[in-house]
Amino acid sequence: MGVLALAACAVLAGATSLLAVGEWITDAPPHVLEHVGVRLGPLFCGVADVIAY
């Protein structure tokens with residue numbers, strides 16, 4: 001659910017491609033990630049990479 005919420009935030013912020021969504025998620029400030037309920041860790045980096053490519 002957190003990845004979907006982050007993708008929605010990225011689109012609302014202007015991301016127009018999967019690459020842009022992945023970049024937005026990778027660059028999102030930690031307080032945004034925490035607010036959505038995503039914990040930082042090795043798996044998170046992998047998810048952002050999968051969305052970006």
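By convention here, the first residue in the shown sequence is residue 1.
- Closest non-hydrogen pair, A28 versus L33, comes out as CB-CD2, 3.9 Å.
- In this structure, the side-chain contact (heavy atoms from CB on, under 4.5 Å) partners of S17, at least two apart in sequence or on a different chain, are L19, A20.
- Taking 4.5 Å as the limit, some side-chain heavy atom of V32 sits within range of a side-chain heavy atom of W24.
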